[in-house]
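Because the structure is predicted, anything quoted here is derived from the model rather than measured. Reminder, nothing fancy here: chain letters follow the sequence lines and each chain counts from 1.
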Amino acid sequence: MEERYNPGAVEAKWQKTWADTRAFAVTEDGSKKKYYLLEMFPYPSGRIHMGHVRNYSIGDVVARFKTLQGYNVLHPMGWDAFGMPAENAAIQHGTHPAKWTYENIDNMRSQLKRMGFSYDWDREFATCDVDYYKWEQLVFLKMLERGLAYKKSSSVNWCGKCQTVLANEQVDDGGCWRCDSEVEQKELEQWFFKITDYAEELLTWTERLPGWPERVLTMQQHWIGRSTGCEIGFPLEGGKETVRVFTTRADTLYGATFMSLAPEHPLVERLVTPGQREAVEGFLSRVRKQDKEQRTSDELEKEGVFTGSYCINPVTGQKIPVYLANFVLLDYGTGAVMAVPTHDQRDFEFARKYGLEMRVVIQPDGEPLDPRTMERAFEGSGILVNSGPFDGLANEEAKEAIATQLEEKGLGTKSVKYRLRDWGVSRQRYWGTPIPVIYCDSCGAVPVPEKDLPVILPHDVAFTGEGGSPLAKLESFLKVDCPRCGSPARRETDTFDTFVESSWYFARYTCPDYTGGPIDREAARYWLPVDQYIGGIEHAVMHLLYARFFTKVLRDLGMLDLDEPFANLLTQGMVCMETRSCPTHGWLYPEEAADGKCAKCGEAAVLGRNEKMSKSKKNVVDPDALIASYGADTARLFSLFAAPPEKDLEWNEQGVEGCYRFLHRVWRGVQDNLELIRGAEIPAVAEGPARELRRATHRTIRKVTEDIDGRFHFNTAIASVMELVNAIYAFEGKPEHPGVLREALEAVVRLLAPFVPHICHELWEGLGHAEPLAAAGWPAWDAEALVVDEVLLVVQVNGKVRGKVTVPAGADEEALRQAALAEPNVARTLEGQTVRKVIVIPGRLVNVVVG
RNA sequence: GCGAGAGUGGCGGAACUGGCAGACGCACUGGACUUAGGAUCCAGCGGGCAACCGUGGGGGUUCGACUCCCCCCUCUCGCACCA
């Protein structure tokens, strides 16, 4: 063991040992309790960033802790490798997406290895490996058989100049990010997964996931958005057809004075009268120019147009006009809304704008409502009026009564609707899993037969960023014989949304080399569910909901015996950092403004807020530089110590110094006492300072154990070890109890091992242990050493601290009361006052109430 | 706009079920050691002379509120084709 702490040498030594011995490779072992720890796998963007360092440091603490506790821990790592950035790199720099991706993976793998994370690298895979995505194609075919995958028309962002589909992210302020021309909405036939079939199960299971943060479950519940209501048919005037609407407010039916349809509603074409055609066309072309972001956010001006047609309110018999409205969505409910302007704010604004009739049907207590003077819709509860036989009913009761009568008369049905929409998985892009379907002029869409899988993503294509997917231009890929009739046909050129790959990778880690199907049920039965899943809060809804959905699909396809994939979830906060900018040169990297001035012009740099690290804002910290100057252990320690995992982490370089200093301090503490403590025995009984140190040692063991296990309060766990180290330094110079000192130092090394594994393994070896630290297991605390004789009692008068008094540990309430009242400062405060009440909380405080 | 969170010294944070607000670390100040110190060790460190005042702002519940309730402000995340 070297005299001075040299992280570079220590870390290289242990990383080599771990790699050579495949220290973290695991297999199914029925004799041990399993623990599956998973962090969300990274997208191979090129280099790891501080968000990765933090995420994977958090996971590694838990993995190493559980391993030390004796669990058989599966801790895998891989790559979420399909996606847009690879294709963009190809368009901009001519690098093939595969080359770009695999090179990035090589890079990032070595960076992760340099961090000393305890991964079973034998299980590594990338989702762009054929051996991964071919199984996804198989799952798709099974879903197709079951009707869980289907095709329908849906709109996409379309740049007419580039002749290509744009992601929402590629639309800047309504314009194409590459050519800035106006983006339009275009209807395309696309593949969907029927996640709505699972809406009810996904919702009810949110009640059975106690290991998930409440806020994530709440967000998912709202996303699924179950609402009970009723579907009502409004007959078209002079026709046989009815327009079906869904409403949760059947109680307001008598106040429905017009109807709003989604612009994409299938009846639109038939409803438009010749006189209104021009107005409707104009409206539709404006709506098409609003991208999805705008349509779904409510920032845009409520706008609509009259179709020229009318339908009949089924209970009043009144003829009501049918409008198209930009805020009505085809995907939700029936795509048609009965409009009640007096009791719905959106309908109110719409009616005022177009001068439509308003009728009050619910009266609140007090001021009667008058449609002529109302300033906004009344959405509260009240008593029904103008509602025929239902007048006088409370509106909540009327919901049920009206719905029941509609059912009896065959005019409507009670029903449940969800806000959740089916999952569109088609992407008009190259770098993704090819969708295994063939189109034949006579047979239609034909699934690729299982024996013909995989449909391999071809390598040699041209990337221009224009004219749609490169696959569509590759004859050798496109041209194929129809598997059903043998006549010339063409392949599907769309690829899957990359969320599909990340919806089942956790299951593939249990059997990455399995060739009999997507998942080896035996391996999956042993390892799944994931005991602890860790990742960014930004995935609270979409990724986590899709993964839950996919698990249930795989279960129903007989591929997996599991209802929910993740038993416990930890969502970590963002890593942020201050931004700096120069009035003339814009954003500056930290090193370009080291002295508070712009390195280019000397102008004072403007210090911005803490923001999520991003290349565009130039507020990034390169983990490599950090590791080079301080080592991986310091980088890990800081990212864990600076904030609790679920909080956003604000980066500041000075805190890193403190962690580095602490590790030096630990090293010296061991090094300076090596001679003294060699072979020293831990005494059964100790007195005075030695007893205090033993108590501190065991208190720290308990604290760290409880902080890691389930609570994930790593920052306080580390703080408590720092306190123990301070106690050890204070104890030095009292060499009469070397055994107590040895016990304390060894506790520090063992407790820190999950956080800073390299230095701890080295120190453990230096302490003369033949067995590696991993074999020593996790330390237990000795309840006997924790016993205290005296406790400090806080004495308050009217809730304000007036004194403190030391009392025997087991003193009864009366003794505490006496001791409190006798405390000199308390007694002085109480002079001349009447004591009304004395509240005694044993072991904590006494509050004397006077007045 | 809708949904979900967060806000505590100069800074990051602690206070677990309502019970000493500010643990631990950074920064800063002083001291020791030293040829030297940007190393190390020790000590101090919310504001105020004090009574007291202090957990984003305002109200409430309670013997007692950072913690519970109501209103408001600010910031962060998500909003279905970024992953």
**Student:** Output yes when A:Lys151 and A:Glu492 qualify as a salt bridge under the 4.0 Å nitrogen-oxygen rule, no when they do not.
**Tutor:**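 Result for this pair is yes, salt bridge flagged.
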
**Student:** Does A:Arg695 pair with A:Glu692 as a salt bridge, N-O distance under 4.0 Å?
**Tutor:**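 Yes, this pair counts.
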
**Student:** Only pairs with both distances under 3.5 Å count, Watson-Crick or wobble alike; so what is the partner of B:C81 in this structure?
**Tutor:**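 Across any shown strand, B:C81 pairs with none.
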
**Student:** Round to a whole Å and report the spacing from OH of A:Tyr660 to P of B:U40.
**Tutor:**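 Answer to the nearest Å: 10 Å.
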
**Student:** Given the C1' atoms of B:A21 and B:U67, what is the spacing between them in whole Å?
**Tutor:**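 It works out to 12 Å between them.
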
**Student:** Counting heavy atoms from C-beta on, name the nucleotide in B:G13, B:A15, B:G19 closest to the side chain of A:Ile839.
**Tutor:**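 Shortest atom-to-atom distance from the side chain points to B:G19.
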
**Student:** Take the protein atom CG of A:Asp648 and the nucleotide atom P of B:C77, then report the distance between them rounded to whole Å.
**Tutor:**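 A:Asp648 atom CG is separated from B:C77 atom P by 8 Å.
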
**Student:** Give me the ring orientation class for A:Tyr660 and A:Tyr5: parallel if the planes are under 30° apart, tilted from 30 to 60°, perpendicular past 60°.
**Tutor:**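 Answer is tilted, since the angle falls between 30° and 60°.
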
**Student:** Remember a base hit wins even if backbone is also touched, and classify A:Trp423 as base, sugar-phosphate or nothing at under 4.0 Å, heavy atoms.
**Tutor:**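 Nothing, no heavy atom under 4.0 Å.
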
**Student:** Has the side chain of A:Gln428 got a donor or acceptor that lies under 3.5 Å from a partner of the other kind on the base of B:C81?
**Tutor:**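 Looking at the base of B:C81, it does pair with a donor or acceptor on the side chain of A:Gln428 (distance under 3.5 Å).
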
**Student:** Taking the side chain of A:Leu845 as its heavy atoms from C-beta onward, which of B:A80, B:C24, B:C20 lies nearest to it?
**Tutor:**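 Given the options B:A80, B:C24, B:C20, the side chain of A:Leu845 is closest to B:C20.
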
**Student:** Who is the Watson-Crick or G-U wobble partner of B:C24, with both distances under 3.5 Å?
**Tutor:**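 Pairing partner: B:G12.
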
**Student:** Taking B:G7 as the reference, what is the distance to B:G54 when you measure between their C1' atoms (whole Å, please)?
**Tutor:**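 My reading of the C1' atoms in B:G54 and B:G7 gives 16 Å.
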
**Student:** Reckon A:Arg668 has a side-chain N or O less than 4.0 Å from the OP1 or OP2 of B:C41?
**Tutor:**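 Looking at the OP1 and OP2 atoms of B:C41, one of them is under 4.0 Å from a side-chain N or O of A:Arg668.
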
**Student:** Below 4.0 angstrom from OP1 or OP2 of B:C81, is there any side-chain N or O of A:Arg427?
**Tutor:**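 Affirmative; the distance criterion is met.
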
**Student:** Using a heavy-atom cut-off of 4.0 Å across all strands, would you classify A:Asn726 as base, sugar-phosphate, or nothing?
**Tutor:**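 Sugar-phosphate only.
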
**Student:** Pick the C1' atom in B:A14 and in B:C26, then give their distance to the nearest Å.
**Tutor:**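 Taking atom C1' in both B:A14 and B:C26, they lie 15 Å apart.
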
**Student:** Could you measure between the two C1' atoms, the one in B:A80 and the one in B:G9, and give it in whole Å?
**Tutor:**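 So the two C1' atoms sit 43 Å from each other.
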
**Student:** Find the distance A:Arg419:CZ to B:C79:P and express it as a whole number of Å.
**Tutor:**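 After rounding, the reported distance stands at 11 Å.
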
**Student:** Within the pair A:Arg661 and B:C26, is there a side-chain N or O less than 4.0 Å away from OP1 or OP2?
**Tutor:**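 Checking A:Arg661 against B:C26: at least one side-chain N or O falls below 4.0 Å of OP1 or OP2.
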
**Student:** Using a cut-off of strictly less than 4.0 Å, decide whether A:Lys800 has a side-chain nitrogen or oxygen near OP1 or OP2 of B:A21.
**Tutor:**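 Checking B:A21 against A:Lys800, no side-chain N or O comes under 4.0 Å of OP1 or OP2.
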
**Student:** Using the closest heavy atom to pick a nucleotide of RNA chain B for each, name whichever of A:His664 or A:Arg215 lands nearer the 5' end.
**Tutor:**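 In this pair, the answer is A:Arg215.
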
**Student:** Using the P atom in both, what is the distance from B:G60 to B:C49, to the nearest Å?
**Tutor:**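 Rounded to whole Å, the distance is 31 Å.
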
**Student:** Distance check, P atoms only: B:C33 and B:G47, in whole angstrom units.
**Tutor:**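 The same atom, P, in both gives a distance of 30 Å.
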
**Student:** Select from A:Ile841 and A:Leu649 the residue whose nearest nucleotide in RNA chain B is closer to the 5' end of that strand.
**Tutor:**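 Per heavy-atom nearest nucleotide, the more 5' residue is A:Leu649.
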
**Student:** Quote, to the nearest angstrom, the C1' distance that separates B:A51 from B:U62.
**Tutor:**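 Looking at atom C1' only, B:A51 and B:U62 are 26 Å apart.
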
**Student:** Need one value for A:Gly424: base, sugar-phosphate or nothing, where a base atom within 4.0 Å counts as base even if backbone is also close, heavy atoms only.
**Tutor:**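 Since only primed, P, OP1 and OP2 atoms lie under 4.0 Å of A:Gly424, the category is sugar-phosphate.
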
**Student:** Distance check needed: B:C77 P versus A:Leu570 CG, whole Å only.
**Tutor:**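 It is 18 Å, rounded to the nearest whole Å.
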
**Student:** Under 3.5 Å, is there any donor-acceptor pair linking the side chain of A:Lys804 to the base of B:C20?
**Tutor:**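 Counting by modelled atom types and ignoring angles, a donor-acceptor contact under 3.5 Å is found here.
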
**Student:** Is the cationic atom of A:Arg419 (NZ for Lys, CZ for Arg) positioned less than 6.0 Å from the six-membered ring centroid of A:Trp223 and within 45 degrees of its normal?
**Tutor:**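 Yes, A:Arg419 and A:Trp223 form such a contact.
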
**Student:** Pick base, sugar-phosphate or nothing for A:Val801, based on heavy-atom distances below 4.0 Å to the nucleic acid.
**Tutor:**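 Counting heavy atoms under 4.0 Å across all strands, the contact made by A:Val801 is with sugar-phosphate only.
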
**Student:** Give a yes/no verdict on a cation-pi contact between A:Arg665 and A:Tyr729, requiring under 6.0 Å between NZ or CZ and the six-membered ring centre and an angle within 45° of the axis.
**Tutor:**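 Positive - A:Arg665 is close enough to the ring of A:Tyr729 and near enough to its axis.
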
**Student:** Using atom OH of A:Tyr5 as one end and atom P of B:U40 as the other, report the distance to the nearest whole Å.
**Tutor:**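 One finds 14 Å between P of B:U40 and OH of A:Tyr5, rounded.
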
**Student:** Report yes if a side-chain nitrogen or oxygen of A:Arg665 is closer than 4.0 Å to either non-bridging phosphate oxygen (OP1 or OP2) of B:C41; otherwise report no.
**Tutor:**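 Checking B:C41 against A:Arg665, a side-chain N or O does come within under 4.0 Å of OP1 or OP2.
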
**Student:** For B:G64, give the paired nucleotide (Watson-Crick: N1-N3 plus N6-O4 or O6-N4; G-U: N1-O2 and O6-N3; both under 3.5 Å), or none.
**Tutor:**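 Result: none.
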
**Student:** Does B:A23 have OP1 or OP2 under 4.0 Å away from a side-chain N or O of A:Asn715?
**Tutor:**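 For A:Asn715, the contact criterion (side-chain N or O under 4.0 Å from OP1 or OP2 of B:A23) is not met.
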
**Student:** Could you please name the option among B:A83, B:C63, B:C24 that lies closest to any side-chain atom of A:Val849?
**Tutor:**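 Taking heavy atoms from C-beta onward, the closest nucleotide is B:C63.
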
**Student:** Would you mind telling me which of A:Phe193, A:Tyr198, A:Phe496 makes a ring-ring contact (aromatic ring centres under 6.0 Å, His included) with A:Trp423?
**Tutor:**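 The residue from A:Phe193, A:Tyr198, A:Phe496 that satisfies ring-ring contact (aromatic ring centres under 6.0 Å, His included) with A:Trp423 turns out to be A:Phe193.
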
**Student:** Per the ring-ring contact (aromatic ring centres under 6.0 Å, His included) rule, which among A:Phe499, A:Tyr132, A:Phe549 passes with A:Trp504?
**Tutor:**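 Considering A:Phe499, A:Tyr132, A:Phe549, a ring-ring contact (aromatic ring centres under 6.0 Å, His included) with A:Trp504 is found only for A:Tyr132.
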
**Student:** Contact class for A:Phe662 (heavy atom, under 4.0 Å): base, sugar-phosphate, or nothing?
**Tutor:**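 Answer is nothing: A:Phe662 stays at 4.0 Å or more from every strand.
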
**Student:** B:G30: syn or anti, with syn meaning chi within 90° of zero?
**Tutor:**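 Nucleotide B:G30 adopts anti.
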
**Student:** Over all strands shown, is A:Glu657 touching base, sugar-phosphate only, or nothing at heavy-atom distances under 4.0 angstrom?
**Tutor:**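 Answer is nothing: A:Glu657 stays at 4.0 Å or more from every strand.
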
**Student:** Mind running ring pair (Phe, Tyr, Trp, His ring centres under 6.0 Å) on A:Tyr133 and A:Phe82 for me, showing each step along the way?
**Tutor:** CA-CA 10 Å; A:Tyr133 72 70; A:Phe82 277 135; 5.7 Å; yes

**Student:** Below 6.0 angstrom between ring centroids: does that apply to A:Tyr505 and A:Phe41?
**Tutor:**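 Between A:Phe41 and A:Tyr505, which both carry aromatic rings, the centre distance is below 6.0 Å.
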
**Student:** With a 3.5 angstrom cut-off on both distances, give the Watson-Crick or G-U wobble partner of B:A43, or none if there isn't one.
**Tutor:**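 Pairing partner: B:U29.
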
**Student:** Could you check whether the side chain of A:Arg836 and the base of B:C63 have a donor-acceptor pair of N or O atoms closer than 3.5 Å, going by distance alone?
**Tutor:**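 Answer is no: no donor-acceptor pair is held.
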
**Student:** Using a cut-off of 4.0 Å on non-hydrogen atoms, how would the nucleic acid contact of A:Ser426 be classed: base, sugar-phosphate, or nothing?
**Tutor:**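 Base, at least one base atom sits under 4.0 Å.
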
**Student:** Which nucleotide wins on minimum distance to the side chain of A:Thr218, given the candidates B:A83, B:G19, B:G5?
**Tutor:**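 From the listed options, B:G5 comes nearest.
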
**Student:** Look at the side-chain N and O atoms of A:Thr498 and state whether any lies under 4.0 Å from the OP1 or OP2 oxygen of B:A83.
**Tutor:**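 Yes, A:Thr498 has a side-chain N/O under 4.0 Å of OP1/OP2 on B:A83.
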
**Student:** Figure out the CG/P separation between A:Asn798 and B:G64, and round it to whole Å.
**Tutor:**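 In whole Å, B:G64 P lies 8 Å from A:Asn798 CG.
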
**Student:** May I have the distance from A:Leu792 (atom CG) to B:C20 (atom P), rounded to whole angstrom?
**Tutor:**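 After rounding, the gap between these two atoms is 11 Å.
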
**Student:** Side chain of A:Gln796, heavy atoms from C-beta onward: which of B:A83, B:C16, B:G19 has the nearest atom to it?
**Tutor:**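 Ranking B:A83, B:C16, B:G19 by closest atom to the A:Gln796 side chain puts B:G19 first.
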
**Student:** Rounded to the nearest angstrom, tell me the gap between atom CD1 in A:Ile718 and atom P in B:C26.
**Tutor:**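 That distance rounds to 14 Å.
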
**Student:** Base of B:C81, side chain of A:Gln190 - is there a donor-acceptor contact under 3.5 Å?
**Tutor:**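 Yes.
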
**Student:** Would you call A:Asp497 and A:Arg427 a salt bridge, taking side-chain N to carboxylate O under 4.0 Å as the test?
**Tutor:**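 Here A:Asp497 pairs with A:Arg427 in a salt bridge, since their nearest N and O are under 4.0 Å apart.
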
**Student:** Ignoring hydrogens and angles, answer whether the base of B:C81 and the side-chain atoms of A:Asn168 contain a donor-acceptor pair closer than 3.5 Å.
**Tutor:**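 A donor-acceptor contact between them is absent.
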
**Student:** Whom does B:C75 pair with, Watson-Crick or G-U wobble, provided both distances fall under 3.5 Å?
**Tutor:**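 Answer to the pairing question: B:G5, which forms a Watson-Crick or G-U pair with B:C75.
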
**Student:** Between B:A27 and B:A39, how many Å separate the two P atoms, rounded to a whole number?
**Tutor:**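 Per the computed distance, 9 Å lies between those P atoms.
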
**Student:** Nearest of B:C81, B:G12, B:C20 to any side-chain atom of A:Ala642?
**Tutor:**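 The nucleotide sitting nearest to the side chain is B:G12.
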
**Student:** Under a 3.5 Å cut-off for both contacts, is B:U17 paired Watson-Crick or G-U wobble with anything, and if yes, with which nucleotide?
**Tutor:**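 Pairing partner: none.
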
**Student:** Give the nucleotide from the list B:A15, B:A83, B:C81 with an atom nearest to the side chain of A:Arg429.
**Tutor:**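 Within the option list, the nearest is B:C81.
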
